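Note that this is a predicted model, so its numbers are computed, not measured. Quick note: numbers below take in every heavy atom, side chains included, and nothing from hydrogens, waters or symmetry partners.
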Amino acid sequence: MDGKQPITISGVVENIVYRNDDSGYTVCDVEADDGDFVTAVGIMPHVDEGEAVRLYGQWTTHANFGRQFRVESAEVCLPVGAVEIQRYLSSGAIQGVGPVTAKRIVDTYGEDAFDVIEHHPDWLTEIDGISKRRAQTIHDSFIEHTGSRCVMMFCREYFGPATSMKIYKEWGSAAVDLIKKNPYRLCGEIHGVGFAKADEIALSLGVPSDSAERIEGAVVYLLTFNASANGHVYLPKHRVLSGVAELLSVPEDKVGDALSHMVETHKVYIENVDECEACYLDTYYKAECEVARRLRVLDRMCPAIGEGDAERFIKLLELRYNIEYAEAQRHAIMDALRGGVMVLTGSPGTGKTTVVRGLIEIFRNMGQQNIELAAPTGRAAKRMSEATGEEARTIHRLLEMEYNDSAYPRFTRNENNRLDADVVIVDESSMIDIMLMQALLRAIKPGSRLILIGDSNQLPSVGAGNVLWDIISSGMLHTVCLTEIFRQAKESAIITNASMINRGEYPVLTEKKSDFFFLPRRYDVSIRDTVVELCSKRLPAAYGEEFAKGIQVITPSRKGMAGTDSLNAALQAELNPPEAGKREHKSRDIVFREGDRVMQTRNNYKLEWYRDGAVPVGMEDEPDGIGVFNGDIGIIERIEPEHERMVILFDERRVFYDFSLLDELEHAFAITVHKSQGSEYPAVIIPAYGCSDNLLTRHMLYTAITRASRMVIIVGREDIIRKMVDSVSDNKKFTGLAARIRREFAGNDAK
C-alpha cells in the first residue's frame, strides 16, 4: 500500500469487464455516488454487477488503459429496497436467477427476498418456474457469494487481498469458522502464512497465551516446519519441549501436558528410535511404518530367480552384445533377480545405466513385459529415457496425480488401483522423501519388483526423510554399490575429480582438461564478476550461443556476494536487461521480466499446464496435466498485466501464473546446490567462496560437480574447495526408517 492513506470510493458496480476466477482479480466499472464512472482493478472475487460497494485504494495510471482505481480492499453491501434487490438478482450473480425470475421473486417477497433465499429456500417453489432443485441451486449460489464476502471481509483485518483469496480458495465459505475454531491451521495449510501471523490472529480472537490449543498449534508448527525445511521426520522430545516453550514463552511442563494430550488423541506419536524419544506427527509416523511394512512384503512376495538361471541370462546378454559385465555389475543383476527390492548405487561413470539396460532385456526375456521407468523430476525422467531408450515418467505422472482441493497430492494409483507393472525401476532415488515413497509403494502390487537407483553420496531429499540411505543402512534389502570407473568415463575430469572428492581426496585443479577448469579468485566480488563474465561473454564467444543456453550457475548458499540472491540480480542485468517492449512485473522487491529464467520453489499440485504450442490465450481447453514442482525451471514467455498473470514455459509445459502465486517463484540464473538435485546441465559454474560452514561440505561439492555432463568451471578459492572436501556433513536428519525396517524384517522372521 506504499504507506499512503487509502482513498475511499462508494458506488454501484455497473459492469464486470474481466474476472479471473482463480485469483479473484477483477476489472469493473463502478458508478460512484458523485455520478462519476470509475474503472476499478484488483482482487475482488465477491463483487458483482448491481452491488453497492465501498472500495479502498489508490489512483493509478495504466500505460494502455489510462486512469484506474487500484483496489486494496473492498466492502460489498447487499442492496436495500425492492428496486435495488431486483437489479442485483437480475445481474446473473446468483446461479438460477435471471431477470424474469428476479422480478417474480421480488414481486412475491419484496424486501424480504434475500432472507427467503438464505433461510427459507423451499418457499421459492411457490413461484412459478422454480422447482425444488432450482431453489436449492439459488440458495447454494447465494450462500457462496455471501460466504466469499464474509471471508474477504474477515481476512482483510489480517492479510492482503492475495492471501485472503488463497484462504477462500482453500477453504471456501467455511474459512471464517475454521479460522475462529483453530487459527493455527493457517500456518499448516496456507502457503505464505507463518506461525507468528496465525498466533497473532489467535491471540486477537481471545485464545489464552497458555492454552492447550495454542501450545498444540505450536507443536504441530514446529514438527511441520522441521519436516519441510530441514527434512526431519521426527524431533527428539526434549527439543519439542524446549522449542515450543521458547517460542511461546510458556513453561515446559505446560508443553508436556499438551503433548500428552496429543499422544492420547493420536495427533502425535512418541516412541524410542536409536535411544531417543522420537516425537512424530501422525502423518510421518504412519508413513514410516507403512513404508517399512510394504518394503518387507514386496521383497518377500516376489518369486526369486535361481542363481543358475540368472547366470544363464547374463551370459546370453554378454554373447549377444559382445560385452563382459564387471563383477559388481553381475552381482547387481543377480540381486535384482533374487528378491523383490534391490538398491543400486554408484557415482557417475560406474555403469549403472549398463546394468539397467541389461535388466530391462532380461525381464522382457522372462516374459515380464510391463516395466515402468520413473524418476522424481521431469529432467531426471527425460535423462533416464535418453539413457535407456525406454519411456520414463515422473513418479507423480506414473501414479496419475489428479487435481483436488487439498494442499497435498492425491494419486489415482494406490492400494485400491495398483499399477499393472511387473517391474518398477526408479532413478535418482536419493530425492524421494518419505511421503512420496509411501505413495509409490501403495501403488506397486505384491509380487512385482522394485529397483531403486541413485547415488547415496549426493545430498538427501529436500523433503522429509532420507529414504534411500535409510534403506541401505538398514542392511535388510539387497544393495549393490558400483565403485569401478570404466575406461571411457576415466577420460572425463568431471568424473575422476568427483570420484576423488567422494573418497576424501582433493580434486586436480591444475590440469587444463577440456571439461574441468578452476579459475582462482580471492575476493567474493571478483568471484561474482567472473561468473557473470563467463555466462555473458567468455563462454558464448568460445562455444557459441547455443552452448551458453545450457550453462547453470550452482552455488552453495543464497547469501553473500557470490550467493544466488546477488548472482541472480547481476546475471539478470547482464543476460536479460530491460528494453523497450519487454514487459516486467515487480513482486516482493523482485523484478520479473519477460525472458527471465525462473524456478518454482515449492510443490504446487494445483497448477495446470498445457503442451507447448497447444493452448489458446484464454485457456479454454482442458489442461494436459497438473502440477509444477519444487526445482522446476522455466522461462517467462510473456507477462500479461491486464490479466494479472504471466506465462511460463517449463520445457514442454506452459503454465499460467496469477500474480498472487509469484511468491512461489524466484530467479534461476543461479540456483543453490539443493535445488539442482535430480537435474543435469551441459555446463555448470560453481562459485567457491566463504559462506556458512554447514554448506561447505563434501556432499555439497560432489553434488554440484556431478550435475554437469560436459563442463565444470569452479571460480574462487582453493582453500574453500579443500575445506569442503575435508568436511563430511554431520547434519543428520532425524529419521527412524532404518530401525523400523530392521524391526519389521526381524519381527516377521520371528513369526
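- Between the side chain of N226 and the backbone N or O of L222 there is at least one donor-acceptor pair closer than 3.5 Å.
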Test log, rule side-chain contact (heavy atoms from CB on, under 4.5 Å), inputs I685 and Q552: CA-CA 6 Å; I685 301 175; Q552 181 61 60; over 6 Å; no
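- Residues Y184 and F195 place their aromatic rings such that the two centres sit under 6.0 Å apart.
- Judged by distance alone, with hydrogens and angles left aside, the side-chain atoms of T672 form no donor-acceptor pair with the main-chain N or O of P556 at under 3.5 Å.
- The distance from atom CD1 of I425 to atom OG1 of T388, rounded to the nearest 0.5 Å, is 8.5 Å.
- The two residues E428 and R707 make their nearest non-hydrogen contact at OE2-NH1, 4.0 Å.
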For I451 and V426: C-alpha separation, side-chain torsions, deciding distance, then whether side-chain contact (heavy atoms from CB on, under 4.5 Å) applies. CA-CA 6 Å; I451 298 170; V426 184; over 6 Å; no
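- You'll find the side chain of L186 reaches within 4.5 Å of the side chain of I179, heavy atoms only.
- By the side chain to side chain contact (heavy atoms under 4.5 Å, CB included) test, E290 is found to be paired with R293, R294, Q438, R442, residues two or more places apart in sequence or in another chain being considered.
- When only modelled atom types and interatomic distance are considered, T735 and D470 share a side-chain donor-acceptor pair under 3.5 Å.
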Given the rule in the salt bridge (Lys or Arg N to Asp or Glu O under 4.0 Å) test, do D658 and R645 qualify, once you have shown the distances and angles that lead to the verdict? CA-CA 4 Å; D658 294 316; R645 70 186 184 195; over 6 Å; no
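- A distance-only check finds no donor-acceptor pair linking the side chain of R654 to the backbone of W609 [under 3.5 Å].
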CA sep, side-chain torsions, deciding dist, call: E584, K586, salt bridge (Lys or Arg N to Asp or Glu O under 4.0 Å): CA-CA 7 Å; E584 55 186 46; K586 187 175 182 180; over 6 Å; no
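- Take L459 and apply the side chain to side chain contact (heavy atoms under 4.5 Å, CB included) test, not counting sequence neighbours, and it matches V673, H674, Q677, H699, M700, T703.
- Side-chain contact check for V424 versus S448: every heavy-atom pair is 4.5 Å or farther apart.
- For N568 (side chain) and F669 (main-chain N/O), a donor-acceptor pair under 3.5 Å exists by modelled atom type.
- A 6.0 Å sphere centred on NZ of K559 holds no more than 12 heavy atoms belonging to other residues, nucleotides or ligands.
- Scored by the side-chain hydrogen bond (donor to acceptor under 3.5 Å, both in side chains) test, K382 finds no partners at all (sequence neighbours excluded).
- Among residues two or more places apart in sequence or in another chain, the side-chain hydrogen bond (donor to acceptor under 3.5 Å, both in side chains) test is passed with K582 by N576.
- Between E372 atom CD and E390 atom CD the span is 10.5 Å, to the nearest 0.5 Å.
- Panel note: side chain N370, backbone D420; a donor-acceptor pair is recorded below 3.5 Å.
- For the side-chain hydrogen bond (donor to acceptor under 3.5 Å, both in side chains) test, residues two or more places apart in sequence or in another chain that qualify with W171 are E189.
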Criterion side-chain contact (heavy atoms from CB on, under 4.5 Å) on V628 and F650, from CA distance to verdict: CA-CA 9 Å; V628 181; F650 294 92; 4.0 Å; yes
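- Between E400 and the options R393, R410, R413, a salt bridge (Lys or Arg N to Asp or Glu O under 4.0 Å) holds for only R413.
- Only one option out of V17, V41, N15, I16 pairs with C28 in a side chain to side chain contact (heavy atoms under 4.5 Å, CB included); it is I16.
- Between the side chain of T555 and the backbone N or O of T564, no donor-acceptor pair lies under 3.5 Å.
- To the nearest 0.5 angstrom, I434 atom CD1 is 10.5 Å from K733 atom NZ.
- Expressed to the nearest 0.5 Å, how far CG of L567 lies from CD1 of I554 amounts to 12.0 Å.
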Begin with the C-alpha distance, continue with both residues' side-chain angles, and end with the deciding distance and a verdict on salt bridge (Lys or Arg N to Asp or Glu O under 4.0 Å) for D632 and R653. CA-CA 11 Å; D632 284 354; R653 298 170 299 157; 3.1 Å; yes
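- Note that the CZ atom of F592 and the OH atom of Y657 stand 10.0 Å from one another [nearest 0.5 Å].
- A side-chain donor-acceptor contact under 3.5 Å links T601 to the backbone of E664.
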Can I635 and D596 be said to form a side-chain contact (heavy atoms from CB on, under 4.5 Å), step by step? CA-CA 6 Å; I635 302 294; D596 279 350; over 6 Å; no
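- Remark: Y610 OH to L649 CG distance equals 14.0 Å, nearest 0.5 Å.
- For the residue pair M437 and I471, the shortest heavy atom distance occurs at CE-CD1, 4.5 Å.
- Using the six-membered ring where Trp is involved, F411 and H396 have ring planes that are tilted, between 30° and 60° apart.
- With sequence neighbours excluded, the residues forming a ring pair (Phe, Tyr, Trp, His ring centres under 6.0 Å) with F734 are H232, Y234, listed by chain and number.
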Are E594 and R638 close enough, and set up right, to give a salt bridge (Lys or Arg N to Asp or Glu O under 4.0 Å), and what steps lead you there? CA-CA 5 Å; E594 290 177 340; R638 65 179 182 270; over 6 Å; no
